[in-house]
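As the structure lists them, so they are numbered: ligands from 1, and atoms in each ligand from 1.
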Amino acid sequence: MTPHLGPGLYLHLPFCSSICPYCDFYVLTGDPVRHGSFVDSLITEISLCEGGTWPVVGDESPVEPFDTLYLGGGTPSILADEELDRILTALRRALPIADNAFLSLEANPEDVSAENLAAWRELGVGFLSLGVQSFQQENLDFLGRRHTPGQSVRSCELALGAGFDTVSVDLIYGLPQQNRESWQRDLEQALDLGPQHLSCYQLTIHEGTPFGFRRQRGELAELPDDAQAELFVFTHRYLAEQGLSGYEVSNFAAGPEHRSRHNQKYWDHTPYLGLGPSAHSFAGRQRWWNRRKIKPWQARLEAGESPVETSEDLSPAELALERLMLALRTTDGLDLESFVRDYDIDLLSTNRETIDRLQTEGLIELDAGRLAPTTDGLAIADTLARSFEIPG
Ligand code: SF4
């Protein structure tokens, strides 16, 4: 991958037409009046960063212009095209944004039409991520999605004909009633349509969500770990055979040019600024996040104050461990020399036995100064990282 020089900018646009029972993002439903008032507040938050001064880090803000913009949520495609345009215009006016900054947008199939696609292209969207989740009605019903399999297919066809650099299809697997054959049918259907990128997420049941309450009542359970691992490895091997190589735990691309340039920044510790309720940011040693709910977030902005709720100062050892954990979730893995340079830690000397053991177990590979997980290693990426001892 090309190095990521500039920081990334994430906007959390929290509205959805209904709330899916497994979702643990900060999301809400709302009418056009609420959308308009939200956009006004977001533009106020953007103006607080006028000239490129980030909250929390202030004078230490990164000086390079933002080179990726990501409209996420929520369902950004629910906002009117004029509202997206207002937000992007305000951003370009207030913040240093590279001329060729790469713009990504998340959309749901029911919002996709030829007119909307043309408008998003006009706004400069290069990476369109479609929240398809499944091409099968019983799965969409289980997941509480409002679109139909027909809309899943049609939205992909329309998007793929609209001239985006990359169309990505989001799918969910590991549903309780789903077996490998059923999951493979979803993958085959997606591959037939020919997207350049897939995101395949395993169903996770989060506490505090409707699925979490059903689990508490004993009505629902995640797949056992071994079944999850088997589906994970199958997914990576099958998609690689079909020309979509996994480059991160949940992400697959038809070539390096189709990888998510914005998400890459989260994985290699490039600074990013998040705006909107619940949005997280990271720069230097600082991480911070905004008030989660829209009302307190808006109240702060109306008072002319920053909506940041909390920040934390990470120690060098915490940063190093996090860097290792994030890198071991990607097939590029970790460049050992840059780890020495950034954290003064030589993993080859401090963790030699662990590295030898993980290599023998077929979980990591060491090649040309990079430590990278194998497919079996990726399946347990977080456990893998915890095998290491970070001094400090
Ligand atoms: S559409 Fe996406 S963001 Fe909205 S509730 Fe469903 S899963 Fe969450």
Does any N, O or S atom of Cys23, backbone or side chain, fall under 2.8 Å from atom 4 (Fe) of ligand 1?
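Short answer: no, not a single N, O or S atom is under the cut-off.
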Tell me whether Glu106 reaches ligand 1 (any heavy atom closer than 4.0 angstrom to a ligand atom).
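No, Glu106 has no heavy atoms under 4.0 Å from ligand 1.
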For Gly74, is the nearest heavy atom under 4.0 Å from an atom of ligand 1?
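Within the 4.0 Å threshold, so yes.
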Counting non-hydrogen protein atoms only, what is the nearest one to [atom]? Give residue, atom name and distance.
atom                    : result
atom 2 (Fe) of ligand 1 : Arg145 NH1, 3.9 Å
atom 4 (Fe) of ligand 1 : Cys16 SG, 2.3 Å
atom 1 (S) of ligand 1  : Asn108 ND2, 3.4 Å

Can you sort out which atoms of ligand 1 are near Thr75, meaning under 4.0 Å from one of its heavy atoms?
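Here the atoms of ligand 1 in question are 1 (S), 4 (Fe).
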Verify whether the ring centers belonging to Phe211 and Phe142 lie closer than 6.0 Å.
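Aromatic pair counts; centres sit under 6.0 Å.
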Counting the benzene-type ring for Trp, do His197 and Tyr247 have ring centres under 6.0 Å apart?
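Judged by ring-centre distance (under 6.0 Å), His197 and Tyr247 do meet the cut-off.
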Measuring from atom CG of Asp24 to atom OG1 of Thr204, what distance do you get when rounded to the nearest 0.5 angstrom?
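Output value for this atom pair is 8.5 Å.
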Nearest-0.5 Å distance, CG of residue Leu319 to CG of residue Asp342:
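Output value for this atom pair is 10.0 Å.
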Flag for Gln133-His147: side-chain donor and acceptor within less than 3.5 Å
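Checked: His147/Gln133 side chains show no N/O donor-acceptor pair below 3.5 Å.
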Determine the interplanar angle of the Phe127 and Phe102 rings, folded into 0 to 90°, and report it as parallel if under 30°, tilted if 30 to 60°, perpendicular if over 60°.
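Rings of Phe127 and Phe102: perpendicular, over 60°.
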Contact check: Cys20 to atom 8 (Fe) of ligand 1, N/O/S below 2.8 Å:
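Given the 2.8 Å cut-off, Cys20 does not count as a ligand of atom 8 (Fe) of ligand 1.
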Is it true that a side-chain atom of Glu337 and a backbone atom of Gly369 form a donor plus acceptor pair closer than 3.5 Å?
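Judged by distance alone, no pair lies under 3.5 Å.
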Which one of Phe25, Tyr22, Tyr26, Phe15 has a non-hydrogen atom at the shortest distance from atom 7 (S) of ligand 1?
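Residue with the shortest heavy-atom distance to the ligand atom: Tyr22.
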